[in-house]
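A, B, ... follow the sequence lines: proteins, then strands. Residue 1 opens every chain.
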Protein chains: 2
Amino acid sequence: MSEPRWLTEPEDRAWRGYRRMRALLDLQFTRDLARDSGLSEADYDVLSTLSETEGHRQQLNDLAAQILWSKSRLSHHITRMENRGLVAREDAPADRRGCFVVLTDAGLRAIVEAAPPHVESVRRHFIDLLTDDQIDTLAAIAQTVVTNLTEPDRPTP
Amino acid sequence: MSEPRWLTEPEDRAWRGYRRMRALLDLQFTRDLARDSGLSEADYDVLSTLSETEGHRQQLNDLAAQILWSKSRLSHHITRMENRGLVAREDAPADRRGCFVVLTDAGLRAIVEAAPPHVESVRRHFIDLLTDDQIDTLAAIAQTVVTNLTEPDRPTP
DNA sequence: ATAAGTTAGATGACACGTCAACCTTCAGGT
DNA sequence: ACCTGAAGGTTGACGTGTCATCTAACTTAT
């Protein structure tokens, strides 16, 4: 293989910009979330996902797949959240290996209180800064990239 | 404060898409980088940044600021990279508190070898999937967000 | 010159994520 | 029924990041 195709100047701007935006947004959301709700982004992901499921419960494996975590990571994190009273584990009815993660009352209260300031934060630092066109383009970009990474790799013929 | 302004449907698509893309890209780049070069993204950031400075060296504090890390994090990480022979610490000439982080020969070799496959990975999973317009829009989005987060906050009048 | 405040960096304790090993239960074939 | 393999989940060790704290060195004002 010869000289690689380095990034062109516009590509480089996009790539570096993306990484810088990513890092700064992450810092900001982490800070805001901790200050406003005492939750981490990880906590928020778990709680908000559970709050959107019917019965406020989901099997550990499914939950992990949905939020793109390893089972191990989720298991550890659920243990910690369980100790804080935000979620609970329940036996799975159909499969005795499985286990459901359930939102507790405290967990539901936590996410209900955390959501509004978090959305405000997302708007202030990100969404409200963009035009409608930019919003749509961002969604399209994400759609493309996610699809490409999610589809099973085809062998190059 | 009344009911928050929840995200509209297009905004929600962009926001969730962004987060999903972010997570998947991160996983992919981490995997590729480890497989191709035995480096972490953190290693890569440090090495590539140093390789772009003249003299292949930069003061720890400046380096931390440039890559948006805490001094503590960088100090820890440099200690580990030092043990692996990728970088070295040098006394700062002007300020006896300070210290320079310097690329070693092994570190330079490592980044020179790691860069081409990494760029390939960035292209395959991200940049090459996008149109020129999307590239430019992404850069513009990042520019806007980064500027907003970087400028000192103005008090709302 | 000296005291007070600031900055560069290191460090140790702790929280989190990953990895590999493990146990249990389920599913398919024989 | 039995064996084999795969899937759901847990666990412990280890690597990494954060936070608070610390030391040393620089700056400024008196």
Strictly by modelled atom types, are B/Gln66 and B/Trp69 linked by a side-chain donor-acceptor pair under 3.5 Å? no
Grab the CG-P distance between B/Asp26 and D/dT16 for me, whole Å please. 15 Å
Residues from residues 59-67 of chain B lying under 4.0 Å of DNA chain C - heavy atoms: B/Gln59, B/Leu60, B/Asn61
Looking at B/Ser75, does any N or O in its side chain come under 4.0 Å of the phosphate oxygens OP1/OP2 on C/dG9? no
Which pair of non-hydrogen atoms, one from A/Ile67 and one from A/Asp45, has the smallest distance, and what is that distance? CG2-O, 4.5 Å
Any A/Ser72 side-chain N or O less than 4.0 Å from OP1/OP2 of C/dT18: no
Ring centres under 6.0 Å, that's the criterion: do A/Tyr18 and B/Phe126 meet it? yes
Would you call B/Glu9-B/Arg16 a salt bridge at under 4.0 Å N-O? no
May I ask you to decide whether A/Arg124 forms a salt bridge with A/Asp32, counting only side-chain N to carboxylate O separations under 4.0 Å? no
Nearest-Å distance, CG (B/Leu68) to P (D/dG17)? 14 Å
Can you tell me if B/Arg31 and B/Ser121 form a side-chain donor-acceptor pair at under 3.5 Å? no
Would you please classify the geometry between the B/Tyr44 ring and the B/His118 ring as parallel, tilted or perpendicular, with 30° and 60° separating the classes? tilted
If you count heavy atoms of other groups shown closer than 6.0 angstrom to CG of A/Asp132, is the number above 12? no
Check the surroundings of atom CG in A/Asp91: do more than 12 heavy atoms from other residues, nucleotides or ligands lie under 6.0 Å from it? no
Presence of B/Lys71 side-chain N/O under 4.0 Å of C/dA8 phosphate oxygens OP1/OP2: yes
B/Arg73 atom CZ is separated from D/dG15 atom C1', nearest whole Å, by 13 Å
Can you tell me the distance, in whole Å, between the CD atom of A/Glu41 and the P atom of C/dC16? 13 Å
So if I apply the side-chain contact (heavy atoms from CB on, under 4.5 Å) rule between B/Met81 and each of B/Leu74, B/Leu39, B/Leu86, which one comes out positive? B/Leu86
Members of residues 76-92 of chain B that approach DNA chain C, where some heavy atom sits under 4.0 Å away: B/His76, B/Arg89
Rounded interatomic separation in angstrom, taking CZ from A/Arg31 and C1' from D/dT18: 13 Å
Residue pair A/His76 / A/Arg73, side-chain donor-acceptor N/O under 3.5 Å: no
What string of B, S and - do you get for nucleotides 23-29 of chain C, 5' to 3', when a contact is any protein heavy atom under 4.0 Å? -BBS---
